2 protein chains.
Amino acid sequence: MPSSPVANRRYRGSSAEERRAQRREQFLEAAIQVYGEQGYRNATVKAVCEAAGLTERYFYESFSNSEELLVASFQAVMRFLFGELEKAIAEASGGPVERARAMLTAYYEALQGHPQSARVFLVEISGVSPAVDQALEASLREFGDLIARTLSPRGDGSAASDPLLRAGVVGGVIHVALKWIASGYSQPIHEVVGAAMRLCLVLRGR
Amino acid sequence: MPSSPVANRRYRGSSAEERRAQRREQFLEAAIQVYGEQGYRNATVKAVCEAAGLTERYFYESFSNSEELLVASFQAVMRFLFGELEKAIAEASGGPVERARAMLTAYYEALQGHPQSARVFLVEISGVSPAVDQALEASLREFGDLIARTLSPRGDGSAASDPLLRAGVVGGVIHVALKWIASGYSQPIHEVVGAAMRLCLVLRGR
DNA sequence: TGCATCTGACAACGGTTCATGTCAATAGAA
DNA sequence: TTCTATTGACATGAACCGTTGTCAGATGCA
């Protein structure tokens, strides 16, 4: 029984796990870029690997299949996006309406920076698979809850407990974004936020 | 030069063009059904042909490729849907609000009858191809115009000329439907219409 | 330096789908 | 009845993609 040679040795300054994690990140970034450029259904594993500067062998080291990468990159995008929203809310001064306005401004600014990603991750991925749909629905619900919570005077979700109406408001906010993007950002962002606010304020009516 | 034998002869009581048109209709119906059951991206040409009771040879007689069938069936669905809406508006009594309510009721009733088709043709087809996206955007705009026109006192589109807001309202109405469908129609339809109405009435505000 | 590990380029396999082609059987006209 | 247009079942070819496998060369350790 020979003393096993050094497995898991460092390579280019990183441990095996660090390298693995690094490659996974490369795939996530590449996926977001490639999906944005070509759409998910036209994006191939090979294209993602090329964009990541890695080969298929490493792809299947980090993801068991193509769909798993889609879900992972979707969740990464949403984590980033919600982080921006929470930050904007926390930094905003004023009442619920002003905080909601700050949140929407952050939302549309984030989308402005990544127009193609917006399309892909907001609508195109719908129907790819049950797992993807589930992730999408969860993030839509989370967005709706965030809007309702922000608009509630006491910060709970008391504004508009009707989930149907919340879903409608979220859909409205998203379609405002899609229309804006499709028009080539022809309106100034404060007008976009204004239109979205009018939709969101429905949650306080009645 | 022989006198050419009878080309374009009748067959089972129909002329060549009638048979062709009939087969095309069969494909459209089959496509709507199959897309609804499996989603467009999982639906194969073969499956559509089987559902239509025809073979691939006739598929390529009526459509030059799979995407062309998608666009054609999408437009057939939308033509039917808008027809229902116009009918409901025309038959409704009362002012703009009552007519809008009648229209939305017709909308959700139509979707209730075809839940899978609704998903496919409202969101899933997004991003399939530029031509499909264009058809989808056109129908969204048409829907927004119809809502705005119905809600305008004089029947013109004077209510909310902001296209951004119109797009938002349409997105809201659609997402209300998607949420409703996903919940298994757990709310009575008048509540669904009520939620959608609150969104639509944003067009009259300000 | 010698050797095992790690990496990257690429081949190969299996499966699927679109699109076209073949051909015998059927229906209609003369 | 006989011949031809039409139909339907099926075969075929080409292309693409996901996934796994191969292998030489680069890198780090002793």
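A quick note: this is a predicted structure, and the numbers were derived from the prediction, not measured. Just so we're on the same page: letters track the sequence lines, and every chain starts at 1.
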Spacing between A:Arg12 atom CZ and D:dA26 atom P, to the nearest angstrom: 11 Å

Phosphate-side-chain proximity, A:Tyr60 and D:dT19, N/O vs OP1/OP2 below 4.0 Å: yes

With B:Phe27, the ring-ring contact (aromatic ring centres under 6.0 Å, His included) member among B:Phe59, B:Tyr35, B:Tyr58: B:Phe59

B:Phe63 CZ - C:dA19 P separation (whole Å): 13 Å

Test: A:Arg41 and A:Glu124 ion pair at under 4.0 Å: no

Sugar-phosphate only, base, or nothing, as touched by A:Phe59 at under 4.0 Å among non-hydrogen atoms: nothing

Whole-Å gap separating P (C:dG8) and CD (A:Gln22): 11 Å

For atom NZ of A:Lys46 and atom P of C:dG8, their distance in whole Å: 17 Å

Sugar-phosphate, base or nothing in reach of A:Arg20, heavy atoms under 4.0 Å: nothing

Distance, rounded to the nearest Å, where A:Leu70 contributes CG and D:dG18 contributes P: 12 Å

Base of C:dA29 paired with side chain of B:Arg9 (donor-acceptor, under 3.5 Å): no

Closest-nucleotide 5' rank along DNA chain C - winner of A:Ala16 and B:Ser66: A:Ala16

B:Arg57 (side chain) and D:dG8 (base): donor-acceptor pair under 3.5 Å: yes

Any side-chain donor near an acceptor of the partner, A:Gln33 and A:Glu37, under 3.5 Å: yes

CD/B:Glu61: more than 12 non-hydrogen atoms of other groups inside 6.0 Å: yes

First encountered from the 5' end of DNA chain D, between B:Glu56 and A:Arg10: B:Glu56

Phosphate OP1/OP2 of D:dT7 contacted by B:Tyr58 side-chain N/O (<4.0 Å): yes

